[in-house]
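One structure below.
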Amino acid sequence: MEAGLCWRCDSPVVQKSLEQWFFKITDYAEELLNDCAKLTGWPERVITMQKNWIGKSVGVEIDFPLIGGDTHITVFTTRVDTLYGATFVLLSPEHPLVEQLIKDAVNKTEIEAFIERMRHEDKITRTAVDREKEGYFTGAYAKNPFTGNKIPIYLANFVLLEYGTGAIMSVTAHDQRDFEFAQKYNLPIRLVIMPKGDKLTESAMSKAQEGPGALVNSGQFNGLDNESAKKKMADYLENQGIAKRKINYRLRDWGISRQRYWGAPIPIIYCDKCGTLPEAEGNLPVILPTDIDFPDDGASPLPDLAQFVNTTCHKCGGQARRETDTLDTFVESSWYFARYTCAQNENAIFDPQAAAYWLPVNQYVGGIEHAVLHLLYSRFFTKVLRDLGLLKISEPFSNLLTQGMVIKDGAKMSKSKGNVVDPEDLINKYGADTARLFSLFASPPERDLEWNQEGVEGSYRFLNRVWRLVVNYLEQIKSIDENKPIDNLCAEDKKLNRKLHETIKKVTEDIQQRFHFNTAISAIMELVNALYTYKPKGEASYILVKKSIKSLLIMLSPFTPHIAEELWESLGYNASLATYAWPEYDAAAIKKEETLIVIQVNGKLRSKLSVAVNTSSDEIEKLALSDERIKQYVTGKQIRKIIHIPQKLINIVV
RNA sequence: GCGAGAGUGGCGGAAUUGGCAGACGCGCAGGAUUUAGGAUCCUGUGGGGAUAACCUGUGUGGGUUCAAGUCCCACCUCUCGCACCA
């Protein structure tokens, strides 16, 4: 929607009341929240978003008796400790009691116009935080159950019917919104929480005091700190029967009805005799009809399709009508992973045994844009399917990797913004391998990626380098048996061999453990650079080169499968590269004979020392202290401490 | 406002457990090859500095430590999420 109009066709967007189907996800709110603790393999920010979305708040519902009436207004508050400071009551304009309350109001027409205006305003504008507070006195009063004071009842634009009871007690001294409202409409401020060591007065306040403190002006509860007052006051009110503790969630039930054709039909039938019924299990699934004409106005053809709508009631055999709304697409994406465990199964939603074997999904990958809805719905479905006895797990995805988005010109790439890079162009010019390699090399997957065309050339160049490397060696290595044992490796051979095995180790770990494909690719690039520098001499060299190239191609294949397969075949292998095992690194080849020790004086790098790996700590210290450059910094000074980190570093503190 | 994440060369990024900051790539500069261009290869490339020694440097300011991009405290900026939620 843009400026109240559809962004595609500019038709005005209006709100309508519709009768729709909902899933009662709120029944699982508490479990969905608590089980966030089980999601140890999920990014923190996704868990936070889920928690925010569920939005639990613990409070109390309190009845405020209506003066001159036989009913009361129930408000929800998380700050029962400020009840003595409640100086008026605010209702949402849509609150069911409003009509009755404004019956005798002097400015009734004005109020009704306000209510009407609120009804037509979209929620986003109406609930924006910088929206000016607006309210109307109803003419009616309620009684503060603690002070006994007569307090006015107002309607206010910022009170939402959907949240809590649609009514709040207004504590002007301790809630910023109420404070602003009170200032605008000249309503009394009553201070009931005094911050520690402070001497506030109502008249001197310029903003609400929302922090902790001790109770004042609160009768028998004076002096209590406000946290323990919450408990005591709630107990007291509950005993009096005028309040009860209540937990509220921001999470709403999940509206699943869509007035569209493209979607799975909601399997509900309406029978005049038997009422609203779920379709019989034997008649499932309800299939979307395909012999249809689409109306020009974009509406769903289903409601007008007699052969679809008209059906028989499976209970009484009489005439019945089908629901013509279809399911939200999120419904199917909430359980497909269970279906994947036995996709050929024709008899049931899925086979519980197969699901029990495969699930949970060890590693789930998806865009960050699904951080709330898809992932919350999948978690909800998993719990429901578990409670139906179909699944044994409570959480569907053990580990979650959220890919970043591709950013271009400072904004997320999207069709509606028109700032897309067409992969076709890239593929036509450089090939799919280059396109894949570049997007994986540019940054780690969880991060957003600012698209920069220039780097693509580099990836293309690298693949050409690989191609030439293999082609140039082809003649010498093609017929060589690389499994022939080699000994007497010279220093240069050993160096290359070490590089090869270091690369295998790093690439394997980067892919398996970290999903950091960018560093895996850079390690492969280093290996290619090393192969270019390497000067082969004789058969042993070519065996080593062949081994290196084989491993290189296999390691490259997840990123650039086409070129890897092509070169693999050119080496003379008949079977696809994909059928060969991933290389394993040889720990012995990586083991260094010499190691570079960094020498620091007072934490600053001053020299480096290459020593045999088995050199003793004492020996290294001696060597370090006799180093010419180190001597300059050490002579004439008192050595206070020498810190030696084996294989790495020696720090001389003077 | 609340919550989360991030901030490192001209750019994308690396540094995995506190131990050589800048891997790898782009870009740029110089050179080789070439009739020329492209492609390729070699060298250099954080800043300062006699271009040596050295100094300095990971958003800012403090702190912990022999040692901080990394840990702690405060702050700034950006991105994302939620947002008048009572």
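Chain letters run A, B, ... following the sequence lines, proteins first, then strands; residues in each count from 1. Treat the numbers as computed from the prediction; the structure is a model and nothing was measured.
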**Item:** Residue from A/Y377, A/F380, A/W254 passing ring pair (Phe, Tyr, Trp, His ring centres under 6.0 Å) with A/Y28
**Value:** A/F380
**Item:** Touch class at under 4.0 angstrom, heavy-atom based, for A/V159 against every strand present
**Value:** base
**Asked** Which listed nucleotide (B/G81, B/G19, B/C84) is nearest to the side chain of A/K133?
**Response** B/C84
**For A/K38, salt bridge (charged side-chain N to carboxylate O under 4.0 Å, His left out) partners two or more places apart** = A/D35
**Asked** So, does A/D178 use its side chain to make a donor-acceptor pair with the main chain of A/V171 at under 3.5 Å?
**Response** yes
**Message:** Cation-pi check for A/F158 against A/K133: NZ or CZ below 6.0 Å from the six-membered ring centre and within 45 degrees of the axis, yes or no?
**Reply:** yes
**Residue-phosphate contact under 4.0 Å: A/R250 side-chain N/O, B/A86 OP1/OP2** = no
**Request:** If the glycosidic angle is within 90 degrees of 0 it's syn, otherwise anti, so just tell me which one B/A50 is.
**Result:** syn
**Fill in**
Side-chain contact check for A/T78: nearest option of B/A86, B/C20, B/C85 is B/A86
**Message:** I'd like the C1' distance from B/A39 over to B/A50, given in whole Å.
**Reply:** 40 Å
**Message:** Can you see if the side chain of A/K641 gets near the phosphate of B/C66 - specifically, an N or O under 4.0 Å from OP1 or OP2?
**Reply:** yes
**Request:** Could you state the atom-to-atom distance from CZ of A/F438 to P of B/C24 in whole Å?
**Result:** 18 Å
**Polar side-chain atom of A/N602 near backbone of A/V654 as donor-acceptor pair, under 3.5 Å** = yes
**Item:** Nearest-Å distance for atom pair CG/C1', residues A/L596 and B/G19
**Value:** 13 Å
**Message:** Can you check the distance between B/A86 and B/G3, where both ends of the measurement are the P atom (answer in whole Å)?
**Reply:** 14 Å
**Asked** Residues in salt bridge (charged side-chain N to carboxylate O under 4.0 Å, His left out) with A/K631, at least two apart?
**Response** A/E628
**Request:** Identify whether any heavy atom of A/Q600 sits under 4.0 Å from a base atom; if not, whether one sits that close to sugar-phosphate; answer base, sugar-phosphate or nothing.
**Result:** base
**Asked** Rounded to whole angstrom units, what separation is found between the CH2 atom of A/W42 and the C1' atom of B/G81?
**Response** 15 Å
**Asked** Hey, does A/G55 reach any base, or is it just sugar-phosphate, or nothing, if we go heavy atoms under 4.0 Å?
**Response** nothing
**Message:** Going by ring pair (Phe, Tyr, Trp, His ring centres under 6.0 Å), name the residues that satisfy it together with A/Y141, two or more places apart in sequence or in a different chain.
**Reply:** A/F137
**Message:** Please pick, from B/C85, B/G81, B/G19, the nucleotide with the shortest atom-to-atom distance to any side-chain atom of A/L160.
**Reply:** B/C85
**Rounded C1' spacing from B/G46 to B/U8 in Å** = 10 Å
**Item:** Gap between atoms CD and C1', on A/E210 and B/G1 respectively (whole Å)
**Value:** 9 Å
**Request:** Grab the NZ-C1' distance between A/K184 and B/C84 for me, whole Å please.
**Result:** 14 Å
**Proximal nucleotide (of B/C20, B/C24, B/A86) relative to the A/S57 side chain** = B/A86
**Request:** Rounded to whole angstrom, note down the P distance from B/C72 over to B/A4.
**Result:** 13 Å
**Request:** Can you check each nucleotide of nucleotides 8-15 of chain B against protein heavy atoms at under 4.0 Å and return B for base, S for sugar-phosphate only, - for none, in 5' to 3' order?
**Result:** ----BSSS
**Request:** Give A/K604 one of three labels, base, sugar-phosphate or nothing, depending on what nucleic acid heavy atoms sit under 4.0 Å from its own.
**Result:** sugar-phosphate
**Prompt:** Less than 4.0 Å between a side-chain N and a carboxylate O, is that true for A/K207 and A/E180?
**Reply:** no
**Complete:** The ring pair (Phe, Tyr, Trp, His ring centres under 6.0 Å) partners of A/H516 (sequence neighbours excluded) come to none
**Prompt:** Given the C1' atoms of B/A14 and B/U70, what is the spacing between them in whole Å?
**Reply:** 14 Å
**Request:** Under the side-chain contact (heavy atoms from CB on, under 4.5 Å) rule, what do A/H174 and A/L191 come out as? Steps first, then yes or no, please.
**Result:** CA-CA 8 Å; A/H174 304 289; A/L191 193 70; 3.7 Å; yes
**Request:** Have a look at B/G12 and give me syn or anti from its glycosidic angle (syn if within 90° of zero).
**Result:** anti
**Prompt:** What are the residues of residues 645-654 of chain A, sorted by number, that bring a heavy atom to within less than 4.0 Å of RNA chain B?
**Reply:** A/I645, A/K648, A/L649, A/N651, A/V653
**Asked** Under 4.0 Å between a side-chain N/O of A/R252 and OP1 or OP2 of B/C85, yes or no?
**Response** no
**Prompt:** CD of A/E502 versus C1' of B/U16: gap in Å, rounded?
**Reply:** 15 Å
**Fill in**
Nucleotide by nucleotide, nucleotides 39-54 of chain B touches protein heavy atoms under 4.0 Å in the pattern (B base, S sugar-phosphate only, - none) -SS------------S
**Message:** Please classify the nucleic acid contact of A/N248 as base, sugar-phosphate, or nothing, using heavy-atom distances under 4.0 Å.
**Reply:** nothing
**Item:** Residue A/F158, side-chain heavy atoms: nucleotide from B/C24, B/U16, B/A86 that is nearest
**Value:** B/A86
**Item:** Those residues that, when tested against A/R498, pass salt bridge (charged side-chain N to carboxylate O under 4.0 Å, His left out) (two or more places apart)
**Value:** none
**Request:** Using Watson-Crick or G-U wobble pairs with both distances under 3.5 Å, give me RNA chain B in dot-bracket, 5' to 3', with [ ] for crossers and | for pairs to another strand.
**Result:** (((((((..(((......[....)))((((((.......))))))(((.....)))..(((((..]....))))))))))))....
**Message:** Between B/C24 and B/A15, how far apart are the two P atoms, rounded to whole Å?
**Reply:** 13 Å
**Request:** Nearest-nucleotide wise, let me know which of A/E509 and A/I521 is further upstream toward the 5' end of RNA chain B.
**Result:** A/E509
**Derivation and outcome, side-chain contact (heavy atoms from CB on, under 4.5 Å), residues A/E594 and A/V613** = CA-CA 5 Å; A/E594 285 215 327; A/V613 278; over 6 Å; no
**Asked** What is the ring orientation for A/F397 with A/H374, classed by angle as parallel under 30°, tilted 30 to 60°, or perpendicular over 60°?
**Response** tilted
**Request:** Nearest whole angstrom, please: distance from the C1' of B/G25 to the CG of A/L463.
**Result:** 13 Å
**Request:** Send over the distance from A/I168 CD1 to B/C85 P, rounded to a whole Å.
**Result:** 9 Å
**Prompt:** With under 30° as parallel and over 60° as perpendicular, where do the rings of A/F114 and A/Y136 fit, or are they tilted in between?
**Reply:** tilted
**Request:** Would you please name every residue forming a salt bridge (charged side-chain N to carboxylate O under 4.0 Å, His left out) with A/E619, sequence neighbours left out?
**Result:** none
**Message:** Just to verify, what does A/F441 make a ring pair (Phe, Tyr, Trp, His ring centres under 6.0 Å) with, not counting sequence neighbours?
**Reply:** none
**Fill in**
Quick note, side chain to side chain donor-acceptor pair (under 3.5 Å) partners involving residues 463-472 of chain A, not counting sequence neighbours, are A/R465-A/N529
**Prompt:** Using the P atom in both, what is the distance from B/C54 to B/A21, to the nearest Å?
**Reply:** 13 Å
**Request:** For B/U77 and B/C71, measure between their C1' atoms and round to the nearest Å.
**Result:** 23 Å
